[in-house]
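Note that the coordinates shown come from a computational prediction; the quantities given were computed from them, not determined experimentally.
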Amino acid sequence: MKLIKGTDAQAVDRGFDGDVRVDASVCFDFVVSLRALYNPRTFTRSRRWTSEQLERLGDEHTEAARFLFQGFETALGYGAIRVITDLQPGAGPRDLIDAVAALPAADLAMLMLDDGEADAARLAAYREVLDGAATRATAAVAGLLPGWAARCRRVLREPDVVQAELVGVLSNYLDRVFAEQADDLTALLDDAAGAARAMLDVVPAPTVIEQLTGGYTLGEDLDLRSVTLAPSVFAHPYMSARVDQAARAALVVYGVPSAFFDGYDPVPIRQDLVTALKAMSDPNRLALLRMLAERPMYAAELAAQLRLGQPTVHHHVHRLRAAGMVRQERDRVGTRYSLRTEATAQLIRSIEDWIFGSTDRRS
């Protein structure tokens with residue numbers, strides 16, 4: 001994913017009347033890097049960095065850290081990013097830890113349990129359990145995948161314990177690893193935020209959001225009043241979003257390319273091409289690309305045509321969007337996907353150029 005590349009014209013005319021702000025807080029990478037640390041098979045760009053840092057962390061908080069941060073789309077600890085937007089300007093990771101510790105345990109639990117896919121009825125069931133109906137915890141997680149359901153059930157039953165574990169994991173990680181890397185990351189994030197703000201000065205907000213995220217858009221029918229864009233070195237080439245329809249606000253954390261990990265990689269290569277080739281190596285993903293080239297489709301439609309479960313479809317589309325080939329639009333109906341035609345064509349050309357070199361060298 002590039003900061004300014006591969007825009008499709010159909011995104012330009014979508015309206016958005018709310019405010020868009022760019023938040024370059026290093027706190028976002030503080031949380032995202034923990035996801036990278038405990039999901040190295042997903043965050044391949046930071047894999048060698050991960051192997052070095054895990055040795056420094058020790059075993060004291062390992063079990064709690066895995067419980068909180070393993071699972072790319074279902075990491076409980078990632079709910080802490082929702083706290084960052086309420087911090088004072090210039091706040092750092094220590095301020096975030098203090099804020100997490102000061103939250104009522106039930107409120108923090110709701111932030112952790114809202115993975116972006118939970119509907120209003122399920123969130124209401126969670127709140128009911130946290131407000132005292134502990135015997136309904138099992139019913140509240142009915143229908144979830146078994147592993148995620150077990151984690152959610154524990155949060156519902158032991159919110160105070162899980163809060164203390166999260167504070168401990170964050171504190172240990174800050175002291176042993178992140179504190180010495182924060183300044184380098186801050187400089188990179190400031191540069192990325194400056195580029196994003198410059199784009200917002202001259203390009204419509206929906207187009208900027210799509211360009212920065214590699215294909216994510218927000219539907220007009222969400223009627224949002226504000227969107228916060230947060231750059232992240234560790235998130236690249238991925239992004240994540242949390243939409244609060246009640247507050248009419250969205251938080252979008254988007255990955256930015258950088259040379260931060262080059263020192264850990266003995267042979268740096270173009271990671272965008274690696275990501276694209278891996279994304280296209282699965283037959284179901286190739287089928288998805290062909291289907292989306294014909295028309296935009298919702299996840300349920302894709303699942304029905306491919307005869308796959310929706311979680312599996314989400315996984316496949318997620319890999320394609322991370323490669324910059326698929327646009328993901330969130331609206332009130334659900335999540336709709338479409339092909340980013342020009343961006344996909346450019347990736348194919350880039351792969352060809354990388355293998356064969358310039359056209360005058362081909363025979």
Check whether any side-chain heavy atom of Gln53 sits under 4.5 Å from a side-chain heavy atom of Arg176, and report yes or no.
no
For Asp201, is the CG atom crowded, meaning more than 12 foreign heavy atoms sit under 6.0 Å from it?
yes
Considering the options Leu339, Asn284, Val317, which one meets the side chain to side chain contact (heavy atoms under 4.5 Å, CB included) requirement together with Leu289?
Leu339
Could you check Arg319 against His314 for side-chain contact (heavy atoms from CB on, under 4.5 Å), going step by step and ending with a plain yes or no?
CA-CA 9 Å; Arg319 297 296 296 271; His314 282 301; over 6 Å; no
Can Glu158 and Arg153 be counted as an ion pair, charged N to O under 4.0 angstrom?
no
Please assess Leu76 against Val162 for the test side-chain contact (heavy atoms from CB on, under 4.5 Å), listing each intermediate value before the final yes or no.
CA-CA 10 Å; Leu76 292 163; Val162 174; 5.7 Å; no
Residues two or more places apart in sequence or in another chain: which of them pass side chain to side chain donor-acceptor pair (under 3.5 Å) with Gln245?
Arg332
Do Met297 and Leu286 belong together in a cluster built from hydrophobic side chains that touch within less than 4.5 Å?
yes
I'd like to check Leu37 versus Phe69 (side-chain heavy atoms, cut-off strictly below 4.5 Å). Are they in contact?
no
With side chains defined as the heavy atoms from C-beta onward, is the minimum distance between Val253 and Val32 less than 4.5 Å?
yes
State whether a side-chain donor-acceptor pair under 3.5 Å links Arg157 with Thr138.
yes
Would you say Leu145 and Val313 are hydrophobically clustered, going by side-chain heavy atoms of ILVMFWY under 4.5 Å?
no
For Ala323 and Ala279, which heavy atoms make the closest approach, and how far apart are they?
CB-CB, 4.0 Å
Between Arg94 and Asp175, does at least one N-O distance fall below 4.0 Å, as a salt bridge requires?
yes
Hey, does the side chain of Arg285 reach the backbone of Lys278 with a donor-acceptor pair shorter than 3.5 angstrom?
yes
Report the C-alpha distance between Thr85 and Leu251 in whole Å, list the side-chain angles of each, state the deciding distance to 0.1 Å, and finish with yes or no for side-chain contact (heavy atoms from CB on, under 4.5 Å).
CA-CA 9 Å; Thr85 54; Leu251 168 63; 4.1 Å; yes
Okay, side chain of Thr312, backbone of Leu308: is any donor-acceptor separation there less than 3.5 Å?
no
Within this structure, what is the CD1-SG distance for the pair Ile84 and Cys27, rounded to the nearest 0.5 Å?
5.0 Å
Quick one, Asp262 with Arg48, criterion salt bridge (Lys or Arg N to Asp or Glu O under 4.0 Å). Give me CA distance, side-chain angles, the key distance, then yes/no.
CA-CA 10 Å; Asp262 286 355; Arg48 288 186 173 87; over 6 Å; no
Salt-bridge present (Arg336, Asp331; N to O < 4.0 Å)
no
When every non-hydrogen atom of Pro231 is compared with those of Leu189, the smallest separation belongs to O-CD2, 3.3 Å
Hey, could you give me the CG/CG distance between Leu170 and Leu34, rounded to the nearest 0.5 Å?
6.5 Å
Looking only at heavy atoms, what is the nearest atom pair of Pro93 and Leu174, with distance?
CB-CD1, 3.7 Å
Side-chain heavy-atom pair Pro40, Thr44 within 4.5 angstrom cut-off:
no
Closer than 4.0 angstrom, basic N to acidic O: yes or no for Arg349 and Glu342?
yes
Are Phe30 and Tyr173 an aromatic pair, judged by ring center distance below 6.0 Å?
yes
Could you grab the distance from atom OG1 of Thr50 to atom CZ of Arg45, nearest 0.5 Å is fine?
12.0 Å
Check this for me, if you would: do Arg122 and Asp114 make a salt bridge, where the nitrogen-to-carboxylate-oxygen distance has to be below 4.0 angstrom?
no
Quick check: closest heavy atoms across Ala106 and Leu130, and the distance to 0.1 Å?
O-CD1, 3.6 Å
Taken to the nearest 0.5 Å, the spacing of Thr207 OG1 from Met199 CE works out to 8.5 Å
Run the salt-bridge test on Arg47 and Glu52 with the 4.0 Å N-O cut-off and return the result as yes or no.
no
Enter the distance from His61:NE2 to Leu166:CG here, rounded to the nearest 0.5 Å.
11.5 Å
Across all chains, not counting sequence neighbours, the side chain to side chain contact (heavy atoms under 4.5 Å, CB included) partners of Asp190 are Ala24, Thr186
Cut-off 3.5 Å, side chains only: do Ser338 and Arg327 have a donor facing an acceptor?
yes
Minimum side-chain heavy-atom gap Met291-Leu306 below 4.5 Å:
yes
State whether Arg242 and Asp244 are salt-bridged, where the test is any N-O pair (Lys NZ or Arg NE/NH1/NH2 against Asp/Glu carboxylate O) under 4.0 Å.
no
Any chain of hydrophobic side-chain contacts (each under 4.5 Å) joining Val161 to Met112?
no
Is there a donor-acceptor contact under 3.5 Å from the side chain of Arg136 to the main chain of Val129?
no
For this output row, return yes or no: ring centroids of Phe261 and Phe234 closer than 6.0 angstrom.
yes
Just so I know, are the side chains of Leu156 and Val141 near enough to count as touching, which here means a heavy-atom distance under 4.5 Å?
yes
Determine whether a donor-acceptor pair (N or O, by modelled atom type, separation under 3.5 Å) exists between the side chain of Ser171 and the backbone of Gly168.
no
Do Asp107 side-chain atoms and Pro104 backbone N/O form a donor-acceptor pair below 3.5 Å?
no
Might you point out which heavy atoms bring Glu210 and Thr217 nearest each other, and give the distance in Å?
OE1-CG2, 3.7 Å
Using salt bridge (Lys or Arg N to Asp or Glu O under 4.0 Å), reason through Arg56 and Glu180 one step at a time and then give a plain yes or no.
CA-CA 13 Å; Arg56 302 171 59 189; Glu180 68 180 43; 3.0 Å; yes
Do Leu277 and Leu288 share a hydrophobic cluster, counting only Ile, Leu, Val, Met, Phe, Trp and Tyr and linking them when any side-chain heavy atoms are less than 4.5 Å apart?
yes
Are the side chains of Asp115 and Trp148 in touch, meaning some heavy atoms are under 4.5 Å apart?
yes
How long is the span from the CG atom in Asp98 to the CG atom in Leu103, to the nearest 0.5 Å?
11.5 Å
Establish, from distance only, whether the side-chain atoms of Ser350 and Gln346 form a donor-acceptor pair under 3.5 Å.
yes
Quick one about Asp29 and Ser232 (side-chain donor to acceptor, distance below 3.5 Å, no hydrogens or angles considered), yes or no?
yes
Using a strict cut-off of less than 4.0 Å between a Lys/Arg side-chain nitrogen and an Asp/Glu carboxylate oxygen, indicate whether Arg154 and Glu165 qualify as a salt bridge.
yes
Tell me whether the centres of the aromatic rings in Tyr298 and Tyr337 are closer together than 6.0 Å.
no
Could you check whether any side-chain heavy atom of Arg330 comes within less than 4.5 Å of a side-chain heavy atom of Tyr216, counting everything from C-beta outward?
yes
Start with the C-alpha distance between His318 and Tyr238, add both sets of side-chain angles, then the distance that settles ring pair (Phe, Tyr, Trp, His ring centres under 6.0 Å), and finish with yes or no.
CA-CA 8 Å; His318 171 79; Tyr238 303 110; 5.0 Å; yes
Could you go through Ser33 and Trp49, starting from their C-alpha distance and side-chain angles, then the distance that decides it, and tell me whether this counts as side-chain contact (heavy atoms from CB on, under 4.5 Å)?
CA-CA 10 Å; Ser33 60; Trp49 172 89; 4.3 Å; yes
Non-hydrogen atoms of Leu87 and Ala91 that approach each other most closely
CB-CB, 3.8 Å
